[in-house]
Number of protein chains: 2
Amino acid sequence: MNYSDFQLMVKVSQQDICREIFAENRKTMRVKKEETAVRNLERIFDATLKISNEKGFQAMSMRDLSRETGLSMGALYAYFAGKEDLLEMLQSQGRAVIQRILEEHINAESRAVSKLRAAVRTHLHLSEAMQPWFYFSYMEAKNLARAQRDKAVAGELYTEKIFADILEQGQEEGVFEPRDHLLVASVIKAMLQDWYLKRWKYAKRSISVDQYAAFILEFVEAFYLSSANSNTVA
Amino acid sequence: MNYSDFQLMVKVSQQDICREIFAENRKTMRVKKEETAVRNLERIFDATLKISNEKGFQAMSMRDLSRETGLSMGALYAYFAGKEDLLEMLQSQGRAVIQRILEEHINAESRAVSKLRAAVRTHLHLSEAMQPWFYFSYMEAKNLARAQRDKAVAGELYTEKIFADILEQGQEEGVFEPRDHLLVASVIKAMLQDWYLKRWKYAKRSISVDQYAAFILEFVEAFYLSSANSNTVA
DNA sequence: GTCTATATACGGATAGAC
DNA sequence: GTCTATCCGTATATAGAC
């Protein structure tokens with residue numbers, strides 16, 4: 001699958017989730033026509049990400065959001081009960097899309113080496129296609145209310161565990177050396193996060209997402225194949 | 001130097017910088033006695049970091065800060081002209097401490113391998129001793145005004161260049177394989193940042209700063225010593 | 001469904017007493 | 001040096017017209 005097909009798939013998945021969100025909140029939303037609701041929800045989400053990533057979610061006023069979406073303040077409140085509510089919808093939409101696509105791509109592979117490559121590449125492609133969402137979630141996580149923050153932390157640990165499990169499987173297959181897989185998984189995650197957190201830097205240096213993926217994989221694989229290393233952190 | 005000596009050195013350095021800040025802003029501050037000013041500036045900085053790291057700098061009200069420091073709103077404004085001003089002082093204080101200590105420790109070494117180890121360890125120790133400041137700077141960077149944001153970006157690139165230069169030197173010394181040093185430097189930075197951004201995670205897993213440092217060094221050194229690798233990103 | 005107008009509250013900043 | 005009291009702008013959220 002090439003990247004533009006991937007982008008399309010993400011876009012479709014995002015709309016699907018918007019439709020599901022609309023279905024779930026049908027009682028509370030004052031808007032009743034699905035087509036209108038989904039279209040405006042997407043606009044609202046995009047605008048929220050754009051403004052928040054410039055000045056922060058707290059600093060984004062409803063007037064800002066009104067201006068950016070072209071909807072009046074009154075209209076906005078037909079879609080959500082308040083800022084908190086908007087935040088929750090936006091978060092759950094993104095999480096749902098990511099989980100769906102990530103698992104789909106990893107489960108298509110069986111051997112550890114292929115799984116590792118699929119996981120790294122898919123995660124990078126996802127964060128490329130949904131960069132504003134990833135950036136937002138990372139930066140705003142600490143400002144979320146308790147329940148939302150817990151879900152964000154769970155998401156972090158979930159991704160990390162995916163990588164740790166793959167590395168463990170590789171050791172069982174005899175293709176990877178024994179290492180502290182969880183610690184390696186956490187630094188892999190750190191490197192993946194750098195891609196969407198410092199996108200300006202990589203863009204400026206003309207490093208493509210595929211080049212970055214190849215580099216990360218070489219880096220990790222070198223560590224897993226070098227038997228000279230003793231992993232001191234047990 | 002053990003870690004508790006290091007902590008003490010950082011603390012002293014922070015006070016020194018507070019004194020310098022006071023000297024620079026003597027005209028505008030309504031407080032005139034150095035001892036009082038330095039003591040209260042430290043309290044104000046600590047409180048700002050504490051509150052901001054919980055809910056964000058924007059969301060921190062002057063009333064919050066007043067409560068946390070025990071100083072009244074009026075008293076606070078004797079130390080700075082407004083929130084923007086406070087932010088600038090806090091940022092410049094941290095940057096000054098970091099630059100001073102980092103260069104001191106790296107310049108004490110001559111060979112690349114030793115420099116790399118000193119740089120990684122010192123950076124991790126610094127971010128351990130000043131975790132709230134590092135966390136704050138990372139999270140609030142995008143919300144800063146133009147001039148401040150530029151300085152934050154410059155700081156990011158400055159640290160990265162330190163690492164890239166060391167790796168380059170290692171290649172010249174013939175102890176490191178040729179690689180894309182700048183790209184490696186940026187992922188090293190990402191791993192160092194993970195330490196202070198996800199401190200809760202490493203604390204929970206009982207991984208010490210020295211264990212983390214050892215791990216990062218093994219990881220990087222494995223990549224630089226494995227001749228099997230072809231660095232595709234040129 | 002969407003708009004305009006407004007209620008209510010909270011934040012930054014200052015004045016002036018002590 | 002520090003405090004209390006207050007001004008004034010701006011934010012969220014809603015009411016009610018179209």
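Below, chain A is the first sequence line, B the second, and so on; all start at residue 1.
- Going from atom CZ of A:Arg67 over to atom P of D:dT12 covers 12 Å, rounded to whole Å.
- For the pair A:Lys189 and A:Phe163, the cation-pi test (distance below 6.0 Å, angle within 45°) is failed.
- Pairs passing the ring-ring contact (aromatic ring centres under 6.0 Å, His included) check and including a residue from residues 8-54 of chain A, sequence neighbours excluded, do not occur.
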Tabulate atom names and distances for all N/O pairs under 3.5 angstrom spanning the protein and nucleotides 2-5 of chain C.
unit_1, atom_1, unit_2, atom_2, d
C:dT2, OP1, A:Asn40, ND2, 3.4
C:dT2, OP2, A:Tyr79, OH, 2.9
C:dC3, OP2, A:Ser72, N, 2.6
C:dC3, OP2, A:Ser72, OG, 2.7

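- Here B:Tyr196 pairs with B:Phe134 under the ring pair (Phe, Tyr, Trp, His ring centres under 6.0 Å) rule; sequence neighbours left out.
- At a threshold of 4.0 Å, the pair B:Arg121-B:Glu109 does not count as salt-bridged, since none of the basic side-chain nitrogens sits closer than that to a carboxylate oxygen.
- Atom P of nucleotide D:dA11 and atom CG of A:Leu86 are separated by 17 Å, given to the nearest angstrom.
- Between C:dG12, C:dT6, D:dG1, one nucleotide has an atom nearer to the side chain of B:Lys33 than all others, and that is D:dG1.
- OP1 or OP2 of D:dT12 sits under 4.0 Å from a side-chain N or O of A:Lys83.
- Each side-chain hydrogen bond (donor to acceptor under 3.5 Å, both in side chains) pair with one or both residues in residues 26-47 of chain B, not counting sequence neighbours, appears once here: B:Asn40-B:Tyr79.
- Near DNA chain D, meaning a heavy atom under 4.0 Å away, the residues from residues 52-61 of chain A are A:Met60, A:Ser61.
- Proximity of B:Tyr77 to the phosphate of C:dA13: a side-chain N or O atom is located under 4.0 Å from OP1 or OP2.
- Defined by atom type and a distance below 3.5 Å, a donor-acceptor pair is present between the side-chain atoms of B:Ser61 and B:Asp64.
- The pair B:Lys198-A:Glu156 meets the salt-bridge criterion, with a side-chain N (NZ, NE, NH1 or NH2) lying under 4.0 Å from an Asp/Glu carboxylate O.
- Remark: A:Phe80 pairs with A:Tyr77 by the ring pair (Phe, Tyr, Trp, His ring centres under 6.0 Å) rule, at least two apart or across chains.
- What separates CD of A:Glu84 from C1' of D:dT12 is a distance of 12 Å, to the nearest Å.
- Distance CD1 (B:Ile51) to C1' (C:dG11): 14 Å, rounded to an integer number of Å.
- A donor-acceptor pair shorter than 3.5 Å can be found between the side chains of A:Asp210 and A:His125.
- Across the protein-nucleic acid pair, B:Met62 atom CE and C:dC10 atom P stand 18 Å apart, rounded to whole Å.
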